[in-house]
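Each ligand, and each atom within it, is numbered from 1 in the order the structure gives.
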Amino acid sequence: MKLLYTVNSPYARKVRIVAAEKHIDIKLEPVVLTDPDCPVKHYNPLGKVPVLILADDESLYDSRVIAEYLDNRTPLAHLIPKDNSAKSAVRRWEALADGVCDAAVAVMLEQRKSEQMQDPTFITKHMDKVLRGLRALNDDLGQNRWCVGDAFSLADIAVGCMLGYVNLRFSNVINIADDYPNLERLQSNLLKRQSFSDTMPQPN
Ligand SMILES: N[C@@H](CCC(=O)N[C@@H](CS)C(=O)NCC(=O)O)C(=O)O
């Protein structure tokens, strides 16, 4: 199996962490999405990473589909619970964490435009989603060690990848440690895991 990814994609990081936690060997192939020969569009019509290419050259996307596929590939250390309520809870945490990433990516892309081309209303609308999402995740976590129940799960991985991305792109305007202390505590627990420290975003 081969994963097409970019190093700072929070969605691709989620998949890389799931594979590492499940001890599943995947060949990692970094791609440049703007490269005219980039293979991603061939495997995913949406042109987005991550894409997992299977042995028969079939492909899987997006990150949620790939994470579930990998989780079911081995019985070891399930990251998505079997119990229906716990499973929905994990998926909801993941949906919110991914949604914060979607909004953060939208702000980042808008801010990369020349100043005259930027739409301040668009930026405010999407930054509000980021801030509301962080607040809800911080409050829902409370003093708990993990997002759902008393076990590490895909919910923690999704939230951790979102925090890594927010720190990477918005540490000048969002202070996780001061404003979201429960998420900061979760993040420092997560960073003790090799799967997280091996996949840290790289400022570019
Ligand atoms: N919902 C998708 C989101 C994937 C996504 O937006 N990836 C970004 C990189 S962070 C991308 O490939 N963007 C390129 C594009 O939109 O053309 C997932 O979970 O995999």
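Here Lys22 pairs with Val18, Ile24, Asp71, Thr74, His78, Leu79 under the side-chain contact (heavy atoms from CB on, under 4.5 Å) rule; sequence neighbours left out.
Residue contact annotation: Val49 has a non-hydrogen atom under 4.0 Å from ligand 1.
Nearest to atom 10 (S) of ligand 1 among the protein's heavy atoms is Ser9 OG, 3.4 Å. In this structure, atom 19 (O) of ligand 1 lies nearest to the protein heavy atom Ser63 OG, 2.5 Å. Annotation: atom 15 (C) of ligand 1 to nearest protein heavy atom, Lys48 CG, 3.9 Å. Here the protein heavy atom with the shortest distance to atom 17 (O) of ligand 1 is Gly47 O, 3.8 Å. Nearest non-hydrogen protein atom to atom 1 (N) of ligand 1 is Asp62 OD2, 2.9 Å.
Counting the atoms of ligand 1 from 1 in the order shown, those under 4.0 Å from a heavy atom of Pro50 are 20 (O).
When Leu96, Asn182, Leu186, Leu163 are each tested for a side-chain contact (heavy atoms from CB on, under 4.5 Å) with Leu137, only one passes: Leu96.
Salt bridge Arg64/Asp98: present, at least one basic N to carboxylate O contact under 4.0 Å.
Legend: salt bridge (Lys or Arg N to Asp or Glu O under 4.0 Å) pairs involving residues 148-169, not counting sequence neighbours: none detected.
Judged purely by distance below 3.5 Å, without hydrogens or angles, the side chains of Asp102 and Tyr11 pair a donor atom with an acceptor atom.
The proximity of Asn8 to ligand 1, defined as any non-hydrogen pair under 4.0 Å, does not occur for either the backbone or the side chain.
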Query raised in the report: Are Asn44 and Lys41 close enough, and set up right, to give a side chain to side chain donor-acceptor pair (under 3.5 Å), and what steps lead you there?
Result: CA-CA 5 Å; Asn44 175 359; Lys41 281 198 281 291; over 6 Å; no
